[in-house]
Asker: 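Right, I'll just put the structure down here and ask away after.
Keep in mind the model is a prediction, meaning the values are calculated, not measured.
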Amino acid sequence: MGVVNVTPDSFSDGGAWFDAGAAVAHGRKLAAEGADLIDVGGESTRPGAQRPDAAEELRRVVPVVSALAAEGLAVSVDTMRAEVAAQALAVGARVVNDVSGGLADPEMAGVVAGSGADFVAMHWRGHSADMQSRAVYDDVVAQVRDELLERVAALTSAGVDQARIVLDPGLGFAKSPEHNWAVLRGLDGIIGLGHRVLLGTSRKHFLGLVGRGAQPARVPLARDTATAVTSAYAADAGVWAVRVHDVPGTIDALDVWAAWHGPSEESM
């Protein structure tokens, strides 16, 4: 999953794709580099970010989704608003990627249930402005797993097809670096819930703290190698997809992982 941030305040690319034309061109580039799915979002969810209003989010997102989908690309919309999800689906989005897992907008489940689209439900405890104050756990892996299961139950009771639900453990969202690493070490427990899993480590702060050159933390653009390493580990764990900014680096990592494991019996 290649990331297209149509925002002026993203932590990772600083508004480089805020213009719709630039965003569409970037989506094409990510697809050409090997991304299977282009994730278009109009709201920054970095810690401390303030939300745009719905009209502004729609203005940012819908034209980009429409243009990319019209070219035959598989597009997901990264939004917590049911109205944005509905309009994006209407112009060709195939996946709704909701970092709140449907908690931020009570209408979201209904929109998704009626669409037949896949729905990514991320582990979430509150909006970016204050989410880090909620990073309190007795057992982060068990609590993330249990809270994701609560979302699955709520979504299915609202009519969402269970087979369409993808889970995301929400690295960096209401989690400290130590929590993120614990979740990654316990990823088998999330995958064991029986749903496809999306993993988003790309350029996140906790990766910038790792290694011999990490004092102070590496800037986001210097975290791509670390991201690619996590992508290879994610493949080994059996995740459905990784959400990344640097597609070629992850493709290389996945190709090396595949070569390491050798040809499958099916391909022999």
Side-chain angles (χ1 to χ4, degrees), residues 1-24 26-27 30 37-69 75-112 115 117-134 151 166 168-175 198-205 220 241 243-245:
M1 180 186 280
V3 180
V4 178
N5 291 314
V6 195
T7 60
D9 56 347
S10 168
F11 84 95
S12 63
D13 48 38
W17 324 118
F18 188 44
D19 174 78
V24 172
H26 188 54
L30 293 172
L37 188 61
I38 308 302
D39 193 44
V40 178
E43 177 181 349
S44 174
T45 51
R46 61 178 173 78
Q50 299 300 312
R51 305 193 74 191
D53 63 27
E56 174 61 13
E57 188 181 351
L58 286 164
R59 185 196 68 77
R60 296 175 184 181
V61 167
V62 174
V64 178
V65 172
S66 179
L68 293 173
V75 181
S76 62
V77 60
D78 178 356
T79 185
M80 291 182 274
R81 288 187 168 109
E83 180 183 4
V84 176
Q87 292 201 31
L89 290 167
V91 298
R94 303 184 195 178
V95 179
V96 176
N97 180 15
D98 182 351
V99 300
S100 81
L103 285 168
D105 187 337
E107 302 301 318
M108 181 66 85
V111 166
V112 174
S115 72
D118 283 341
F119 182 68
V120 179
M122 195 190 80
H123 177 261
W124 186 82
R125 286 186 165 186
H127 288 289
S128 297
D130 63 352
M131 65 180 176
Q132 292 309 103
S133 67
R134 299 181 172 126
R151 294 313 306 144
V166 179
D168 181 340
L171 299 178
F173 288 78
K175 294 173 189 70
L198 172 68
L199 192 68
T201 64
S202 189
R203 296 182 179 171
K204 290 187 176 176
H205 178 70
R243 182 180 183 274
V244 300
H245 301 85

Asker: Hey, what do you get for CE (Met1) to NE2 (His245), rounding to the nearest 0.5 Å?
Answerer: 12.0 Å
Asker: State the CD1-CG distance between Ile38 and Asp78, to the nearest 0.5 angstrom.
Answerer: 13.0 Å
Asker: The criterion is side-chain contact (heavy atoms from CB on, under 4.5 Å); which residues satisfy it with Arg125, sequence neighbours excluded?
Answerer: His123, Arg134, Tyr137, Gln143, Glu147, Ala174
Asker: Starting at NE2 of His127, measure out to CD of Glu43 and round the result to the nearest 0.5 Å.
Answerer: 7.5 Å
Asker: Side chains of Met108 and Phe119, heavy atoms from C-beta outward: is any pair under 4.5 Å?
Answerer: yes
Asker: With distance as the sole test, does Lys204 use its side chain to make a donor-acceptor pair with the main-chain N or O of Ser202 at under 3.5 Å?
Answerer: no
Asker: Val77 and side-chain contact (heavy atoms from CB on, under 4.5 Å): which single residue from Val40, Val64, Val84 fits?
Answerer: Val84
Asker: Looking only at non-hydrogen atoms, find the nearest pair between Val4 and His26 and report the distance.
Answerer: CG2-CD2, 4.1 Å
Asker: Could you walk me through whether Glu56 and Arg59 satisfy the salt bridge (charged side-chain N to carboxylate O under 4.0 Å, His left out) test, starting with their C-alpha distance in whole Å, then the side-chain angles of each, then the deciding distance to 0.1 Å, before giving a yes or no?
Answerer: CA-CA 5 Å; Glu56 174 61 13; Arg59 185 196 68 77; 2.8 Å; yes
Asker: Within this structure, what is the OG1-CG distance for the pair Thr45 and Asn5, rounded to the nearest 0.5 Å?
Answerer: 8.0 Å
Asker: Might you point out which heavy atoms bring Thr79 and Ala85 nearest each other, and give the distance in Å?
Answerer: CG2-N, 3.8 Å
Asker: Do Ser115 side-chain atoms and Val112 backbone N/O form a donor-acceptor pair below 3.5 Å?
Answerer: yes
Asker: Looking only at non-hydrogen atoms, find the nearest pair between Thr7 and Gly41 and report the distance.
Answerer: CG2-O, 3.9 Å
Asker: Between Pro52 and Gly42, what is the shortest heavy-atom contact and its length?
Answerer: CG-O, 3.8 Å
Asker: Is there a donor-acceptor contact under 3.5 Å from the side chain of Asp19 to the main chain of Gly21?
Answerer: yes
Asker: Of all heavy-atom pairs between Ser100 and Met80, which one has the smallest distance, and what is that distance?
Answerer: CB-SD, 3.8 Å
Asker: To the nearest 0.5 Å, tell me how far Arg51 CZ sits from Arg81 CZ.
Answerer: 4.0 Å
Asker: Which atoms form the tightest heavy-atom contact between Val24 and Leu68, and what is the distance?
Answerer: O-CD2, 3.5 Å
Asker: Nearest 0.5 Å, please: how far is CZ in Arg243 from CG in Asn97?
Answerer: 6.0 Å
